[in-house]
Amino acid sequence: MNKTNLTRRQFLTAASVGTIAAAASRAIPLHAEAGKEAGKLAILGGQPVRTKSWPSWPVWDRSAEESVLSILRSGRWFRGSGNTVSQFEEKYAALLGAKRCVCTVNGTNALLTALYILDIGVGDEVIVSPYTFIATYNVVINSCALPVFADTDPETFQINPDKIEERINENTRAILPVHILGLPANMDKINAIAKKHNLKVIEDACQAWLAEWRGKKCGTVGDLGCFSFQESKHLPCGEGGALVGNDDEIMDRAFSYHNCGRPYRSVKSSNGYPIVGTNRRMTEYQAAILLSQIKRLEADTAMRVEQANYLTSRIKDIPGIVPHKLYEGTTRAVYHLYPFRYKKEHFNNVPRSKFLSALSAEGVPCSGGYGPQYKDDMIEAMLNSKNFKRSFSEARLRRYREELHYPDNDQLCQEAVWLSQNMLLTSKQDMDDIANAILKVYENRDKLA
Ligand SMILES: *Cc1c(COP(=O)(O)O)cnc(C)c1O
């Protein structure tokens, strides 16, 4: 087979990204024939690199259907009359190497429970990453505590551990690190800072099922860990969440609190309800779906890791494409999203939005991820709320407003590109499609300007 008989895909797969990148960086035009083969961008009317669809999500099987139906038919729908939720709690705790697990209606409520149980509330401050799903901000605000942002480390997409200490004051009670995108935050530094300043560490592991820091599962490295089982997550049941921890007394309180404040083990009562509670109980159906989903979690995770590593090896030398970095203590990153940064300087200044559209048109759906949410209206709504005006001094709230500048986060929000987790449940050929599509956009960057 001579070169002209190669299909475009074969050509691109055969061509080493490194070679093309090196050629490009020396500003040597690509081989004329290769240029023709590379073809017109799909967004400009050419053939897309890929027309095949990507795997859908969530995925389920007959065994899940049967167990949900059998719960329906049993009439035992709530955890007090069945034992499906308890079964799942035991299984999930064992899987993570945590002593205890309490399931909740969703991840947001797992986080709210963690904050409440650790007595974090009115007048307190909690250090969080600005680069996260909005729930991480909301749970702090709903607890009447101030979410104080420490700027993002754009290389890892995580909270910058070296920016935390300067945000601590006498009202700081906790650090709420997020293992965002399924990549672990720097837990060595975060735990050391927490220890030094006597702060609690609540891990938002809502995107990090089976991720690991130095061999320990994320969610078990701090004081408490919180997980989400929402439909888009790797361990999904529609809506669902869990809190994990190793301290029996705290976990007893968490259970009692999520169950209307009823007595539970060490939470004893001599007269009625011992503590103030709420109802955040998971239903039996949710747990039945989770017991089925948990069977595929390890194999799916291994597959995502394998494809993510291969994809990184394929795109790392493309000029203007900066792969994410992992901290040295990371023993497993689980890729709820696969991120890289787009440097438009290397793409003839084509704005990221155009790059995203061009890449999507090639059959590779992608997004720009989180915006600088700390600039959203909700922050002013918080600062002007009755709760916050009563809980914090005017001077504190004024200083808070003045400090709302996170340049590294802002830059990341402009440069990030995300691919979704289901795209990694595929094969090396599918990763080649992604790499080849990025490369094609790179080669045609001048036509996008
Ligand atoms: C999904 C998610 C949550 C909230 O979980 P829900 O189950 O949707 O309430 C919190 N934090 C992060 C980082 C998440 O991704």
Side-chain angles (χ1 to χ4, degrees), residues 57-58 85 88 92 101-116 126-143 145 147 149-150 152 156-159 174-185 187 190 201-211 217-219 221-222 224-244 258 278-283 285-287 289-290 293 297 301 304 324 333-339 367 369-371 373-374 376 378 409 412-413 416 418-422:
W57 190 261
V85 177
F88 175 76
Y92 196 56
C101 170
V102 174
C103 283
T104 55
V105 287
N106 55 39
T108 302
N109 279 283
L111 286 160
L112 285 168
T113 302
L115 287 163
Y116 184 85
V126 177
I127 297 185
V128 297
S129 170
Y131 197 77
T132 182
F133 179 57
I134 201 68
T136 319
Y137 296 29
N138 280 337
V139 294
V140 178
I141 299 168
N142 276 305
S143 303
F149 303 108
T152 308
T156 60
F157 293 64
Q158 309 302 311
I159 191 169
I175 306 173
L176 180 38
V178 187
H179 307 292
I180 204 66
L181 318 182
L183 319 179
M187 291 308 291
I190 290 167
V201 176
I202 301 168
E203 296 173 75
D204 180 342
C206 287
Q207 298 187 0
W209 325 257
L210 300 188
K217 297 285 190 297
C218 286
V221 190
L224 289 172
C226 296
F227 292 86
S228 168
F229 308 132
Q230 193 267 345
E231 180 180 278
S232 64
K233 310 293 174 104
H234 296 189
L235 180 57
C237 66
E239 297 280 4
L243 178 65
V244 302
H258 106 301
T278 181
N279 177 1
R280 291 181 178 151
R281 292 184 307 253
M282 176 179 274
T283 65
Y285 313 107
Q286 286 167 289
I289 296 172
L290 290 171
Q293 290 289 321
L297 181 62
T301 303
R304 289 187 189 99
H324 62 279
V334 297
Y335 298 98
H336 183 51
L337 292 138
Y338 178 93
S367 96
Y370 300 127
Q373 297 162 150
Y374 72 87
D376 288 2
M378 44 108 34
N409 185 69
L412 179 61
C413 290
W418 292 358
L419 305 174
S420 62
Q421 54 91 6
N422 56 306

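Nothing here was measured: the structure is a model prediction, and the numbers come from that model. When a ligand or atom number is given, it counts from 1 through the structure's own listing order.
Between the choices P236, G107, C226, the shortest heavy-atom distance to atom 6 (P) of ligand 1 belongs to G107. When the heavy atoms of Q207, Q230, H179, K233 are ranked by distance to atom 2 (C) of ligand 1, first place goes to K233. Of the listed residues (S228, A135, G182, C237), the one carrying the non-hydrogen atom nearest atom 7 (O) of ligand 1 is S228.
Between T108 and ligand 1, a contact under 3.5 Å exists for at least one N or O pair.
Here the two rings, on H234 and Y335, have centers that are 6.0 Å apart or farther.
Scanning for side-chain contact (heavy atoms from CB on, under 4.5 Å) contacts around A174 gives I120, V126, K200, with sequence neighbours left out. The salt bridge (charged side-chain N to carboxylate O under 4.0 Å, His left out) check on K217 picks up E212, with sequence neighbours excluded.
Using a 30° and 60° split on the angle between ring planes, Y370 and Y131 fall in the perpendicular class, above 60°.
Taking every heavy atom of V178 and a limit of under 4.0 angstrom, the matching atoms of ligand 1 come to 13 (C). The distance from ligand 1 to the heavy atoms of G240 drops below 4.0 Å at these ligand atoms: 7 (O). Within the listing of ligand 1, atoms 7 (O), 9 (O) sit less than 4.0 angstrom from a heavy atom of N106.
For the ring pair (Phe, Tyr, Trp, His ring centres under 6.0 Å) test with H336, the passing option among W209, W57, F157 is W209; the others fail. A side chain to side chain donor-acceptor pair (under 3.5 Å) with N109 holds for exactly one of H258, R280, R281, E239; it is R280.
Atom 12 (C) of ligand 1 has C206 CB, 3.4 Å as its closest protein atom, hydrogens excluded (heavy atom only). Regarding atom 11 (N) of ligand 1, its nearest protein heavy-atom neighbour is D204 OD2, 2.8 Å.
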